2 protein chains.
Amino acid sequence: MSKKEYINIEEIGEFGLIEEIKKLFPDKKRQETVVGIGDDAAVLNMNDQFLTLLSTDNLNEEVHFDLFYTPLKHLGFKSVSVSASDICAMNGEPIGVTVGIALDSRFTVPMVKEFYEGVRIACNKYGIDLIGGDTTGSYKGLFINTSIIGKVEKDRVTYRSGAGPGDLICVTGDLGGAYVGLLIMQREKEVHMEAPQATIKLEGYEYLIERLLKPEARLDVVRMLRELDVVPSAMIDISDGLASDLLHICAASNVGCVIYEEKFPIDPIVYRTALLEFNLNPTTVFLSGGEDYELLFTIPERYGDLFENHPDITIIGKILPKEEGTYMISKSGNKYELTAQGWDAFRKYLRENSNP
Amino acid sequence: MSKKEYINIEEIGEFGLIEEIKKLFPDKKRQETVVGIGDDAAVLNMNDQFLTLLSTDNLNEEVHFDLFYTPLKHLGFKSVSVSASDICAMNGEPIGVTVGIALDSRFTVPMVKEFYEGVRIACNKYGIDLIGGDTTGSYKGLFINTSIIGKVEKDRVTYRSGAGPGDLICVTGDLGGAYVGLLIMQREKEVHMEAPQATIKLEGYEYLIERLLKPEARLDVVRMLRELDVVPSAMIDISDGLASDLLHICAASNVGCVIYEEKFPIDPIVYRTALLEFNLNPTTVFLSGGEDYELLFTIPERYGDLFENHPDITIIGKILPKEEGTYMISKSGNKYELTAQGWDAFRKYLRENSNP
């Protein structure tokens, strides 16, 4: 145990800070509390049949989104999706969401209604209710907080901690699109700042921009898993980046892993744009992009056939005993250790904005 | 129905804005949803025995608190109290709370730990767990969001809407202290700004400052009501000010009311400080002060004897048929209509900070 006293938040990062906070709360006070801090959502036992799930998320202007290229309706949709994704990551069904906003004086009633129109579209999509919120002033900036309640059958709840050696590592959809979409938007913003008359060119990038601005929680996958009668051994939603989130599963499950570069589901437009326009290795984008809100889960090997040629799920690797480490095998057969260079918006932001 | 399209948020205020948002969500999507927006907490039916309660609150720097005179530990405590108070207002028992913070670069690890130490003390006090949160960066300022989950027996849930003519209007504790505490702190801040060497004088004001900085949710009253086997007909916590919150009950219950100035529980130090140091009518402070987080509830007349000389509960008036209006009878016997000049932090803030 280190005795070091950390002072700078940047030094320990968001996850380190959460660990420090957790230490202050060693005991459970309520028998209902199954899991408090540390998974995608809190898990409460309030019922014989179901577990109750609760998760909360902040979306802050200039940290998580830029209103220059984020329409308010999309932002409302994304706020709900990000929260619903946390419930999906527990293999649960979302029920109701609260959406609180803190607004500065730029905002008007029509703007707020546009934001909540996006909230409404997302609620309809996931079949959930808006059940509350708080509307307050802010000194500067738009701050959004969502809290979502959901439920999951006791024998279907899926934590980060259940992966065992031999389990297959699966990912839904494709990854990296949201990050490349962000790069596109940042590039166009810079062009606009230098030449406000210039036309913003987004043709051909629609998929990337939609991945950034309008991510969808994979409730469809949760429902499909139920229909297939498959319970993943571990699950997380990919918000920080595949490598970071897979390492979360490995740490919580006390296991290692291997993933294979040749299996990575990367959309051709993501691949091409990353490589040709931003000179980025598509594999790096896949591993560290983040914000795609796809699901990463592990399943016992016997279910492998179900997903072998699935259009929407890709098996990218395998869980190993802990002592074998956590690594990727590249297309050329080399072995690389996985590192969590995720989209740690928090750390990055503090670094860029801390006083010298 | 007015066809007017509102543009300025200031013009319609927080409550008007919430009404506009509610219009976008006319239907319930989930059978679990009993009450969505519009009471102190959302009410969900996820269980045969209990109803599940969920409430969310924002506390924003420079709008809801000033770090000049708010110790972080007190702020952590208050964040949880404000949330727990919403569950109490539904006659429920809190179970777990999530506390999310957005921090700018002023904050250090010890500061965050001090804040969560206050969260811990409050969790211990109410016997609840910290079950989650989100730790993010902010461009400028400290933003706190709390979401709390609780439960209440189906035959004990108390809405704002159940008050009927003849019911007695009860208030817990005493009111106005938090507001006068705020005035004291603002005065001392001004003194400090003008003369940083001057000593800040807080002796004799301890009660007022504690009311401002360390309000407690009245879970003790909720538990006492259970022991007495009394279910209030309507309840709300007093965050905006007694007049504003009583008018919320009257509107939701479709009734009128009369309250008697001579009954108002005002602590002598609140009375004296308001009148002598700030030249404020103590009755105005009582009616409009806000932020005391006491409970306001109505009970059928037959329970009146239980609270007639109660040390902690005061009967201040009576519910009337709607057509008789909502008013106060002054000590001199005059009749004054009640108006909601509550502590609408939001509106006030926007007014003071909107662009000309």
Side-chain angles (χ1 to χ4, degrees), chain A residues 6-7 9 12 14 17-18 20-21 24-25 28-30 32-33 36-37 42 44 46-47 52 54-58 60 62-63 95-96 98 100 102 105 107-109 112-113 116-117 120 127-132 134-141 143 145 147 149 151 346 349-350 353-355, chain B residues 6-7 9 12 14 17-18 20-21 24-25 28-30 32-33 36-37 42 44 46-47 52 54-58 60 62-63 95-96 98 100 102 105 107-109 112-113 116-117 120 127-132 134-141 143 145 147 149 151 346 349-350 353-355:
Chain A
Y6 287 100
I7 301 294
I9 293 173
I12 57 172
E14 178 181 0
L17 190 59
I18 292 170
E20 289 292 311
I21 294 167
L24 292 172
F25 297 84
K28 288 178 192 167
K29 303 260 170 282
R30 298 284 309 200
E32 291 96 337
T33 307
I37 311 172
L44 300 167
M46 298 170 68
N47 188 306
T52 301
L54 181 65
S55 176
T56 188
D57 282 287
N58 295 338
N60 306 340
E62 301 203 41
V63 178
I95 294 173
T98 67
S105 56
F107 289 86
T108 63
V109 176
V112 174
K113 285 167 81 172
Y116 274 97
E117 177 61 21
R120 193 184 67 76
I128 64 178
D129 288 313
L130 178 71
I131 57 171
D134 196 6
T135 319
T136 53
S138 92
Y139 179 75
K140 183 171 186 301
F143 291 77
N145 178 276
S147 290
I149 190 166
K151 66 181 184 182
F346 180 68
Y349 193 79
L350 285 175
N353 290 276
S354 59
N355 299 320
Chain B
Y6 287 99
I7 301 296
I9 293 173
I12 57 171
E14 179 182 358
L17 189 59
I18 292 170
E20 289 292 310
I21 294 167
L24 292 172
F25 297 85
K28 288 178 194 169
K29 302 261 169 282
R30 299 284 308 199
E32 291 96 338
T33 307
I37 312 171
L44 300 167
M46 297 171 68
N47 187 304
T52 301
L54 182 66
S55 176
T56 188
D57 282 286
N58 296 338
N60 307 340
E62 301 204 40
V63 178
I95 294 173
T98 67
S105 56
F107 289 87
T108 63
V109 177
V112 174
K113 284 168 81 171
Y116 276 98
E117 177 61 21
R120 193 184 67 78
I128 64 179
D129 288 314
L130 178 71
I131 56 171
D134 197 5
T135 318
T136 53
S138 93
Y139 179 74
K140 183 172 186 298
F143 290 77
N145 178 276
S147 290
I149 190 165
K151 67 180 184 181
F346 180 68
Y349 193 80
L350 284 175
N353 290 277
S354 59
N355 299 320

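Values in this document were obtained by computation on a predicted structure and should not be read as measured data. Within every chain, numbering begins at 1; the chains are lettered A, B, ... in the order of the sequence lines, protein sequences first and strands thereafter.
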Sidechain-backbone polar pair: A:Asn60 side chain, B:Ser138 backbone, donor-acceptor under 3.5 Å
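Side chain of A:Asn60 to backbone of B:Ser138: no pair is present.
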
Looking only at atom types and distance, does a side-chain atom of A:Asp129 sit under 3.5 Å from a main-chain N or O of B:Lys29, one as donor and one as acceptor?
yes

Chain B contact via [X] - which portion, at a heavy-atom distance below 4.5 Å:
X: A:Phe143; result: side chain
X: A:Leu24; result: both
X: A:Ile21; result: side chain
X: A:Ile18; result: side chain
X: A:Asn47; result: both

Please examine the side chains of B:Asp134 and A:Glu14, heavy atoms only from C-beta on, and report whether any two atoms are closer than 4.5 Å.
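With C-beta onward as the side chain, the pair touches.
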
Side chains of A:Thr135 and B:Leu17, heavy atoms from C-beta outward: is any pair under 4.5 Å?
yes

Distance check, rounded to the nearest 0.5 Å: A:Glu20 atom CD versus B:Lys113 atom NZ?
4.0 Å

Measuring from atom NZ of A:Lys140 to atom CD of B:Glu62, what distance do you get when rounded to the nearest 0.5 angstrom?
12.5 Å

When heavy-atom pairs shorter than 4.5 Å are enumerated against chain B, which of A:Gly100, A:Gly96, A:Ser55, A:Ala102 gives the highest number?
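The option with the most such pairs is A:Ala102.
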
Considering only heavy atoms and a distance below 4.5 Å, find which of A:Thr52, A:Ile149, A:Thr56, A:Asp57 pairs most often with chain B.
A:Thr56

Residues in side chain to side chain donor-acceptor pair (under 3.5 Å) contact with A:Asn58, at least two apart in sequence or another chain
A:Asn145, B:Thr136

With sequence neighbours left out, write down each residue that passes side chain to side chain donor-acceptor pair (under 3.5 Å) with A:Thr98, or none if nothing qualifies.
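A:Thr98 satisfies side chain to side chain donor-acceptor pair (under 3.5 Å) with no other residue.
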
For the pair A:Val63 and B:Tyr139, evaluate side chain to side chain contact (heavy atoms under 4.5 Å, CB included) and give the outcome as yes or no after the intermediate values.
CA-CA 7 Å; A:Val63 178; B:Tyr139 179 74; 5.6 Å; no

Ignoring hydrogens, what is the shortest heavy-atom contact between A:Leu130 and B:Phe25? Give both atom names and the distance.
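So the two residues come closest at CD2-CE1, 3.6 Å.
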
Reference residue A:Glu32; test side chain to side chain contact (heavy atoms under 4.5 Å, CB included); the match among B:Ile95, B:Ile131, B:Ile128:
B:Ile95

